[in-house]
2 protein chains.
Amino acid sequence: MLSQKAKYALKALLILSERPAGVPIQVVELAEEGNLPRKFLELIMLELKKHGMVHSQRGKHGGYMLAALPSEISFGDIVRAMDGPLAPIPCASLTAYRKCADCTDEKTCAVRIMMRRVRDAASEILDNTYLSDMSSDDVEAISNQLVSA
Amino acid sequence: MLSQKAKYALKALLILSERPAGVPIQVVELAEEGNLPRKFLELIMLELKKHGMVHSQRGKHGGYMLAALPSEISFGDIVRAMDGPLAPIPCASLTAYRKCADCTDEKTCAVRIMMRRVRDAASEILDNTYLSDMSSDDVEAISNQLVSA
DNA sequence: GCAATAGGCTATTATTTCGATAGGAATTAT
DNA sequence: ATAATTCCTATCGAAATAATAGCCTATTGC
């Protein structure tokens, strides 16, 4: 499951990615444009900042801006920052491996192998798509393709 | 995330799939062989039965058996029965679509498109692999390939 | 028929996680 | 100074998760 937190983070960063770089956008504005709960979004932006994905400017005329180019921030980065590993189960994670408490022999565990495949597939998609690949223009084009297909 | 419940279900069904069909296996035996909490597993087996994936026989010499061939029960079936839809977010689900409360325009939602891709990838894997594809022999072979690769 | 065995069912519980809100401290522009 | 805005901590309620307990009911073997 993708948490609300991660969903909101994605939406906020997508909005930021379509604005001119370096100009701070306030949380209120992000919340309005994305239809997101303001106070919750504040926490999220703070967390994104701690992960180095955005910069902030305090005080009047402050706000948030991307810490890198939209072509450098992947969906995988964002989802991991908010929700942790992509793998459905810790023993199938590359970035945060943890053995199952009840596991007797990992090598013969079919569950782990299957979940590893799922993880790899998700990573293949999310780690190779960047904010810049999903601008509103791109998304509209994709949606239209789906309709005509 | 794959729940413990789903993980235990998968392990139990994998054990069943390697036993002769039609011979009931008791919960205690499944719990021991799979290193699973007995009482919790009882609930799980019951739920699997309600989903029509296993049959049960009560009384002395009772137990559970698969309701179909191992080549007919997919990992996708099992995961969905235990944890619900594969999609990371309801608006990207085929089997249990639900609109996001905060969504203003689904057609231009990049999050939904990405999560739909993830869903499709997971489905591609889980719906096309059956219990019979993951017998302990198969799994050992796969593990050995990984070592030598 | 009766005892033993095993699934069936309901309730309960503890723990954690999630989603969100509140209030105020720190900082900056004017 | 004042207004605006991020930063930080605390807190809350609701839901989900993981599991256990206990009793009921069906079936079998003798």
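Reminder, nothing fancy here: chain letters follow the sequence lines and each chain counts from 1.
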Give, ordered by number, those residues of residues 33-53 of chain A having at least one heavy-atom distance below 4.0 Å to an atom of DNA chain C; if nothing qualifies, reply none. A:Pro37, A:Lys39, A:Phe40, A:Leu43
Give the residues of residues 8-19 of chain A touching DNA chain C, defined as any heavy atom closer than 4.0 Å, sorted by residue number. A:Tyr8
With a 4.0 Å cutoff (strictly under), does any side-chain N or O of A:Ser3 reach OP1 or OP2 of C:dT17? no
Check for me, please, whether B:Ile15 and B:Val139 land in the same ILVMFWY cluster - side-chain distances under 4.5 Å, paths through other members count. yes
Reading DNA chain D from 5' to 3', where do the contacts with chain A start and stop? Cut-off is 4.0 Å to heavy atoms. D:dA4 to D:dT9
Donor-acceptor pair, A:Asp133 side chain versus A:Tyr130 backbone, under 3.5 Å? yes
Review item, side-chain donor-acceptor pairs of residues 107-117 of chain A, under 3.5 Å, at least two apart:
{"unit_1": "A:Thr108", "atom_1": "OG1", "unit_2": "A:Asp105", "atom_2": "O", "d": "3.3"}
{"unit_1": "A:Arg112", "atom_1": "NE", "unit_2": "A:Cys91", "atom_2": "O", "d": "3.4"}
{"unit_1": "A:Arg112", "atom_1": "NH1", "unit_2": "A:Glu106", "atom_2": "O", "d": "3.0"}
{"unit_1": "A:Arg116", "atom_1": "NE", "unit_2": "A:Asp120", "atom_2": "OD1", "d": "3.2"}

Should the side chain of B:Arg58 and the base of C:dA6 be counted as holding a donor-acceptor pair, with the cut-off at 3.5 Å? no
A:Arg38 and A:Glu29 ion-paired at < 4.0 Å: no
Please determine if a side-chain N or O atom of B:Gln26 lies less than 4.0 Å away from the OP1 or OP2 oxygen of C:dA6. yes
With sequence neighbours left out, what residues match A:Asp102 under salt bridge (Lys or Arg N to Asp or Glu O under 4.0 Å)? B:Lys7, B:Lys11
Do B:Pro85 and B:Tyr97 make a side-chain contact, defined as non-hydrogen atoms from C-beta onward lying under 4.5 Å apart? no
Ionic contact status for A:Lys39 with A:Glu42, cut-off 4.0 Å: yes
A:Lys5 vs A:Gln57, nearer the 5' end of DNA chain C by closest nucleotide: A:Lys5
Does B:Ile73 belong to the same Ile/Leu/Val/Met/Phe/Trp/Tyr cluster as B:Leu86, with side-chain heavy atoms less than 4.5 Å apart forming each link? yes
Within residues 75-104 of chain A, those residues having any heavy atom closer than 4.0 Å to DNA chain D are none
Mind checking B:Val27 for me? I need base, sugar-phosphate or nothing, with any heavy atom below 4.0 Å counting as a touch. sugar-phosphate
Side chain A:Ser143, main chain A:Glu140, donor-acceptor under 3.5 Å: no
Any donor and acceptor pair, going by atom type alone, linking the side chain of B:Asp83 with main-chain N or O of B:Leu2 inside 3.5 Å? no
Backbone of A:Ser136 reached by a side-chain donor or acceptor of A:Glu18 within 3.5 Å: yes
Measure the spacing between CG of B:Leu30 and OH of B:Tyr64 and express it to the nearest 0.5 Å. 9.5 Å
Determine whether the side chains of B:Ser123 and B:Asp127 contain a donor N or O and an acceptor N or O closer than 3.5 Å. yes
